[in-house]
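Read through the structure below, which is laid out as structure tokens, and then see the notes.
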There are 2 protein chains.
Amino acid sequence: MLRNRVKELRARYSYTQSELGKRVDVTRQTIAFIEKGEFSPSITLALKLAQVLETKVDELFWLEGEEEDEK
Amino acid sequence: MLRNRVKELRARYSYTQSELGKRVDVTRQTIAFIEKGEFSPSITLALKLAQVLETKVDELFWLEGEEEDEK
DNA sequence: ACTAAATGTTAAGTATATATTACATTATGT
DNA sequence: ACATAATGTAATATATACTTAACATTTAGT
């Protein structure tokens, strides 16, 4: 399960979803999806987000709980 | 431009591409593509790789050079 | 030299990230 | 109360990550 702190850090900088999206070059819907945890962004986007939000990727995103694949 | 140290760290652990793939639950071709820098993996995969290779995502992957989108 | 394992690489398919458009709801400022 | 900005959310389309399968080349062990 992928978790993240994007919404929290975005609030800290008082960025709107649109503003943040513009800074990392994606649409506001993409930011919204990420904040809702609906998908796992590319690492390129994650790196840009960490850069803009002045943090480390490892502090912005992390894996939590168990994997559900029993493989 | 996305760069990474996967091949280097994989060598340090003497993992084969297949072994590493198995540990992070992708195929060896996916590992090969990443090592060649052919695409930008999901952050979920990047986190798993960092975990298995005992490093941080920010040390495994980084953005280099200028963005080519003039937008 | 032989064999098997590891890697390089390519093509075609599937899954999913991201864009675009659109509309509804909520917050903010006047 | 009104207008506008910000957010929630959903549908459809496109780009790209990732899989599967296959074959060729290189490497390591005997």
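Atoms considered below: every heavy atom in the structure, side chains included; atoms not considered: hydrogens, waters and symmetry mates. Residue numbers start from 1 in every chain, and the chains themselves are labelled A, B, ... in the order their sequence lines are given, proteins ahead of strands. Because the structure is a prediction, the values reported are computed rather than measured.
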Flag the pair [X] / [Y] as yes when at least one side-chain heavy-atom distance between them is below 4.5 Å, and no otherwise.
X	Y	result
A:I43	B:L60	no
A:L49	A:T55	no
B:F61	B:P41	yes
A:M1	A:R3	yes
A:L2	A:W62	no
A:V6	A:L20	yes
A:L45	A:I34	yes

Exercise for the section: Give the intermediate values and the outcome of side chain to side chain contact (heavy atoms under 4.5 Å, CB included) for residues A:R23 and A:K48. Expected result: CA-CA 8 Å; A:R23 283 172 198 263; A:K48 288 183 186 173; over 6 Å; no
Practice task
Whole angstrom is fine here: how far is it from CD1 in A:I43 over to C1' in D:dA17?
Solution key: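 Spelled out: CD1 on A:I43 to C1' on D:dA17 is 13 Å.
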Problem - B:L2 CG to D:dT16 C1', straight-line distance once rounded to whole Å - result: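 Roughly 14 Å, once rounded to whole Å.
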Problem - Per-nucleotide protein contact string for nucleotides 11-30 of chain C (B base, S sugar-phosphate only, - none; heavy atom under 4.0 Å) - result: ------SBSBBB--------
Completion exercise
Quick tally for nucleotides 25-30 of chain D: nucleotides whose base has a protein heavy atom under 4.0 Å get B, sugar-phosphate-only ones S, the rest -, giving ------
Value rounded to 0.5 Å, distance of [atom1] in [X] from [atom2] in [Y]:
X	Y	atom1	atom2	answer
B:E64	A:L47	CD	CG	12.0 Å
A:D58	B:Q51	CG	CD	10.5 Å
A:L9	A:E59	CG	CD	9.5 Å

Handout entry: Closest non-hydrogen atom pair, B:K7 against B:N4
Key =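 Shortest heavy-atom separation between B:K7 and B:N4 comes out as N-OD1, 4.3 Å.
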Handout entry: B:R12: salt bridge (Lys or Arg N to Asp or Glu O under 4.0 Å) partners, not counting sequence neighbours
Key =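 For B:R12 the salt bridge (Lys or Arg N to Asp or Glu O under 4.0 Å) partners, ignoring immediate neighbours, are B:E8.
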At a cut-off of 3.5 Å, list every protein nitrogen or oxygen paired with a nitrogen or oxygen from nucleotides 2-4 of chain C, distance to 0.1 Å.
none

Practice task
Establish, with yes or no, whether the OP1 or OP2 oxygen of C:dG8 is under 4.0 angstrom from a side-chain nitrogen or oxygen of B:K36.
Solution key: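 Checking C:dG8 against B:K36, no side-chain N or O comes under 4.0 Å of OP1 or OP2.
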Exercise for the section: Check whether the side chains of A:E54 and A:Y13 place a donor and an acceptor atom closer than 3.5 Å, and report yes or no. Expected result: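 Checked: A:E54/A:Y13 side chains pair up, N/O donor to acceptor below 3.5 Å.
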Handout entry: Short side-chain donor-acceptor distance under 3.5 Å, B:Q29 and B:Q17
Key =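 Short answer, no.
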Practice task
Could you identify which residues of residues 3-18 of chain B place a heavy atom less than 4.0 Å from some atom of DNA chain D, listed by residue number, or say none?
Solution key: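 DNA chain D contact set from residues 3-18 of chain B: none.
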Exercise for the section: With axes from five pairs an end, tell me the bend angle of the helix from C:dA1-D:dT30 to C:dT30-D:dA1, nearest 10°. Expected result: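 Axis angle across the helix from C:dA1-D:dT30 to C:dT30-D:dA1, nearest 10°: 60°.
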